[in-house]
Protein chains: 2
Amino acid sequence: MPYSNFASMPCTLSRPAALLGERWTLLLLRQIFLGTRRFEDFQATMDISRSVLTDRLNVLLQENVLKRVPYHEDGRTRHEYRLTEKGRDLYPVLMALRTWGEKWMAPEEEETFHLHHRDCGGGVRAKVECTECAAELTARDVQVTAKQ
Amino acid sequence: MPYSNFASMPCTLSRPAALLGERWTLLLLRQIFLGTRRFEDFQATMDISRSVLTDRLNVLLQENVLKRVPYHEDGRTRHEYRLTEKGRDLYPVLMALRTWGEKWMAPEEEETFHLHHRDCGGGVRAKVECTECAAELTARDVQVTAKQ
DNA sequence: TCCCTTGCGTTCGATTTTCGAACTCAGTTA
DNA sequence: TAACTGAGTTCGAAAATCGAACGCAAGGGA
């Protein structure tokens with residue numbers, strides 16, 4: 001089973017993990033959530049090779065995580081890459097990565113950017129909770145019933 | 001800037017994204033959260049090449065996400081790979097991926113495994129919340145103050 | 001009209017990664 | 001003594017990535 005087969009496994013964790021676990025894809029999504037939308041800007045800010053950038057954008061378009069939206073500049077029509085609703089729903093994944101990074105990889109450093117709740121100015125963090133009792137859960141509070 | 005430089009960027013999102021965005025790493029973590037601990041078992045269940053498996057395990061050991069723990073079997077001492085506290089703290093990342101997968105990639109399919117809260121039997125989901133007012137947040141509720 | 005610029009890719013040869021199969025090695029069982 | 005097992009290591013072939021150059025369509029300026 002090559003790596004790509006995980007993309008079609010009947011598992012709601014392995015399929016996303018295979019998709020976002022491809023090199024550059026998470027970093028590309030980070031850049032998108034930070035507001036980058038155009039090919040040239042991705043290329044400039046991430047210094048990714050153009051052919052790989054083309055490939056990754058196409059995969060995300062195909063998966064319907066991104067969409068191409070026309071815009072006008074200098075009287076010309078061009079396209080930019082924007083998140084779909086499905087793409088915006090990846091926010092918790094990125095926030096979970098950041099919450100983890102803040103706790104475990106930040107030796108009291110200067111942050112590259114700040115995030116705060118528009119309404120109250122509070123901080124942002126990802127967590128896992130129970131859909132019934134709303135308790136916050138860790139790996140140890142969760143029972144896995146595996147079928148493979 | 002090659003891919004590897006993101007691993008040392010002063011950004012608490014890009015460093016984790018670069019680490020977990022390496023091919024196989026997210027799938028490896030999934031397998032670990034499902035209970036796999038031994039080299040041979042990773043190799044068998046994931047069908048990853050042995051050299052890449054060695055490399056990925058070593059990176060995670062070096063990052064202190066995993067630790068090698070000795071155990072006895074047939075009177076011999078061997079080692080298995082287990083999550084550290086830092087590693088266990090990646091749970092929300094995996095759960096965020098799964099929550100997304102359930103919503104967007106599961107055409108009413110059979111799940112590979114079930115997760116439920118040990119105490120109350122409820123389901124499990126990842127979310128993002130405000131550290132002040134505890135409201136659940138989406139990308140649109142959050143203000144980004146970028147410095148680059 | 002001709003040339004230059006811009007945004008967005010495509011192409012291509014060189015370099016890195018990954019693959020898969022074979023090999024190693026130490027301790028164990030037959 | 002020979003075979004087996006878990007955990008890697010080695011190595012040639014295949015795939016992915018890199019960087020630099022090329023293509024192309026639309027506008028603008030001369």
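Checking C:dT18, C:dT10, D:dG8 against the side-chain heavy atoms of B:Val52 singles out C:dT18 as nearest. Nearest to the side chain of A:Phe39, among C:dC19, C:dG9, D:dT17, sits C:dG9.
Atom-to-atom, CG of A:Asp47 to P of D:dT17 comes out at 15 Å; the value is rounded to the nearest Å. Rounded to whole Å, atom P of D:dA7 lies 13 Å from atom CZ of B:Arg37. Between the P atom of C:dT17 and the CD1 atom of B:Ile48 lies a distance of 15 Å, rounded to the nearest Å. Protein atom CD of B:Glu40 is 14 Å distant from nucleotide atom C1' of C:dC25, rounded to whole Å. The distance between atom CG of A:Leu53 and atom P of D:dC18, rounded to the nearest whole Å, is 11 Å. Per the geometry, CD belonging to B:Gln43 stands 13 Å off C1' belonging to C:dT18, to the nearest Å. One atom, CE of A:Met46, and another, C1' of D:dC18, lie 14 Å apart when rounded to the nearest Å. In this structure, NE2 of A:His79 is placed 11 Å from C1' of C:dG7, rounded to the nearest angstrom.
A:Tyr81 has no side-chain polar atom (N or O) that falls below the 4.0 Å cut-off from OP1 or OP2 of C:dG7. Taking only side-chain nitrogens and oxygens, B:Tyr3 never comes nearer than 4.0 Å to OP1 or OP2 of D:dA16. Contact check, B:Trp24 against D:dA16: no side-chain N or O comes under 4.0 Å of OP1 or OP2.
Nearest-nucleotide positions on DNA chain C for A:Arg78 and B:Ser51 put A:Arg78 closer to the 5' end.
Side chains of B:Arg38 and B:Tyr81: a donor-acceptor N/O pair is absent below 3.5 angstrom, by distance only.
A heavy atom closer than 4.0 Å to some atom of DNA chain C occurs in no member of residues 57-72 of chain B.
Each end of the helix from C:dT1-D:dA30 to C:dA30-D:dT1 yields a helix axis from five base pairs, and these two axes differ in direction by 10° (to the nearest 10 degrees).
Residues A:Arg98 and A:Arg30 form no side-chain contact, since every pair of their non-hydrogen atoms from C-beta on lies 4.5 Å or further apart. Within the 4.5 Å cutoff, the side chain of A:Pro16 has no heavy atoms near those of the A:Leu19 side chain.
There is a path of hydrophobic side-chain contacts, each under 4.5 Å, that joins A:Val144 to B:Val93. Note on A:Leu34: it does not cluster hydrophobically with A:Val69, by side-chain heavy-atom contacts below 4.5 Å among ILVMFWY residues. One hydrophobic cluster holds both A:Leu83 and A:Leu61 under the rule that ILVMFWY side chains link at heavy-atom gaps under 4.5 Å.
Ring pair B:Tyr3/A:Trp24 is perpendicular by interplanar angle, where above 60° counts as perpendicular and below 30° as parallel.
Minimum interatomic distance between B:Cys120 and A:Glu132 (heavy atoms only, all atoms of both residues): SG-CB, 3.8 Å. Between A:Glu129 and A:Ala134, the shortest heavy-atom distance links the atoms OE1-O, 3.8 Å.
Remark: the A:Arg50 side chain and the C:dG9 base include a donor-acceptor N/O pair separated by less than 3.5 Å.
No contact: B:Phe42 has no heavy atom under 4.0 Å from any strand.
In this structure a side-chain-to-backbone donor-acceptor pair under 3.5 Å is missing from A:Thr77 to A:His72.
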